[in-house]
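Some notes on the structure that comes next.
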2 protein chains.
Amino acid sequence: MRASGSKAVTDLVQRLRTAGLRPTRQRVALGRLLFSSGDRHVTAESLHLEAAKAGAQLSLATVYNTLHQFTASGLLRQVVVDGAKTYFDTNTGDHHHFYAEDCATLIDIPGDAVVIDGLPKAPAGMEIERVEVVVRLKPRV
Amino acid sequence: MRASGSKAVTDLVQRLRTAGLRPTRQRVALGRLLFSSGDRHVTAESLHLEAAKAGAQLSLATVYNTLHQFTASGLLRQVVVDGAKTYFDTNTGDHHHFYAEDCATLIDIPGDAVVIDGLPKAPAGMEIERVEVVVRLKPRV
DNA sequence: TTCCCCGTTTAGAATCGTTCTAATATATTG
DNA sequence: CAATATATTAGAACGATTCTAAACGGGGAA
Ligand SMILES: [Mn+2]
Ligand SMILES: [Mn+2]
Ligand SMILES: [Zn+2]
Ligand SMILES: [Zn+2]
């Protein structure tokens with residue numbers, strides 16, 4: 001136990017620096033919440049609340065700024081499954097999602113498990129950026 | 001040419017009645033725009049604008065009400081591809097979409113062309129409501 | 001046909017997630 | 001430590017959507 005900064009925090013600071021982002025108190029706090037445990041799906045509001053509970057003091061605007069900066073740096077990706085709010089995903093690899101509307105929950109589906117066949121080629125002048133599968137779930141009757 | 005109502009309009013009025021919706025001037029006007037030509041993807045705003053251009057007088061609130069009522073009746077479905085606005089689709093059958101973000105345009109991909117393999121089974125207590133594939137397009141470099 | 005009821009429409013206000021503004025604070029470098 | 005560029009923030013603004021409550025009108029009954 002060192003007085004300040006675990007290995008994980010040092011690594012995170014390095015990741016932020018590499019991404020051209022100053023490792024501010026707020027970014028480090030959010031980065032720890034996002035990247036310390038396994039893959040996560042958060043909204044700005046859920047992450048802001050979680051940060052507040054963890055004792056971090058930061059504004060919602062900063063959470064939005066940070067989520068977008070992390071996304072632009074490739075540390076996060078956005079997932080569109082619901083018109084009402086934007087989800088951010090710490091798993092930036094190729095994968096898909098279950099989405100349970102009734103509890104607004106995302107669950108990863110590993111990308112290598114899924115095979116999609118028969119997609120038409122992209123229209124002229126366009127190219128495929130990404131193929132996303134969303135499996136909508138409802139409670140079993 | 002009869003004084004009022006083509007076959008298409010008569011059919012539409014019947015469809016609305018069957019759905020438990022009174023065939024009001026506004027609903028018939030929107031229904032004609034939506035269902036007279038082939039499959040379409042609209043937003044509330046785009047449909048409102050189109051109705052205005054066609055000489056219909058109706059409020060944006062009515063467009064929202066009508067789109068939701070048509071959706072609840074199974075005449076339309078919603079497509080979530082963009083956090084910013086909600087798309088409504090006159091094709092309620094099983095199919096998927098290309099989405100060109102740069103021009104906010106949806107293009108249908110027939111459902112029977114696409115085969116998706118290797119999806120995990122739904123989590124306990126949940127069942128699959130629908131599988132949606134969105135192919136995001138970007139302009140070719 | 002006229003009357004009446006209740007579903008429908010509507011303007012405008014409210015809501016909600018998100019973005020913007022511009023003043024303040026802080027990380028970094030010399 | 002000073003200088004500078006970046007980052008944070010409160011609160012306003014925004015855009016899509018929903019809500020409210022008053023006016024309207026479809027359509028069955030008489
Ligand atoms: Mn919104
Ligand atoms: Mn919205
Ligand atoms: Zn994910
Ligand atoms: Zn479609």
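By convention in this document, chain letters (A, B, ...) are assigned in the order of the sequence lines, proteins followed by strands, and residues within each chain are numbered from 1.
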Can you identify which nucleotide, out of [options], has its nearest atom closest to the [X] side chain?
X	options	value
Thr62(A)	dT9(D), dT28(C), dT17(D)	dT9(D)
Ala61(A)	dA16(D), dA10(D), dT18(C)	dA10(D)
Arg22(A)	dT26(C), dC20(C), dT10(C)	dT26(C)
Asn65(B)	dG26(D), dT9(C), dC19(D)	dT9(C)

Task: Contact nearer the 5' end of DNA chain D, comparing Tyr64(B) with Pro23(B) - done: Tyr64(B)

TODO: Would you kindly compare Thr24(B) and Gln26(A) by the position of their nearest DNA chain D nucleotide and give the one closer to the 5′ end?
DONE: Gln26(A)

Task: Residues Arg15(B) and Asp11(B) bridged, charged N to O under 4.0 Å - done: no

To the nearest Å, how far apart are [X] [atom1] and [N] [atom2]?
X	N	atom1	atom2	value
Leu67(A)	dG17(C)	CG	P	15 Å
Gln57(B)	dT10(C)	CD	P	9 Å
Leu21(A)	dT28(C)	CG	P	11 Å
Phe88(B)	dA16(D)	CZ	P	14 Å
Asp82(A)	dT17(D)	CG	P	12 Å
Gln78(B)	dA16(D)	CD	C1'	13 Å
Phe70(A)	dT8(D)	CZ	P	9 Å
Leu16(A)	dA7(D)	CG	P	11 Å

At under 4.0 Å between heavy atoms, what does [X] touch on the DNA or RNA strands: base, sugar-phosphate, or nothing?
X	value
His68(B)	sugar-phosphate
Arg27(B)	sugar-phosphate
Thr86(A)	sugar-phosphate

- [ ] Could you tell me which non-hydrogen atom of Pro120(B) sits nearest to which non-hydrogen atom of Phe98(A), and how far apart they are?
- [x] O-CZ, 3.5 Å

TODO: Work out which heavy atom in His95(A) is nearest to a heavy atom in Ile109(A); give both atom names and the distance.
DONE: CB-O, 3.2 Å

Task: Residue Arg32(B) excluded, over 12 heavy atoms near CZ under 6.0 Å - done: no

- [ ] May I ask you to test the Val133(B)-Val135(B) pair for a side-chain heavy-atom distance under 4.5 Å?
- [x] yes

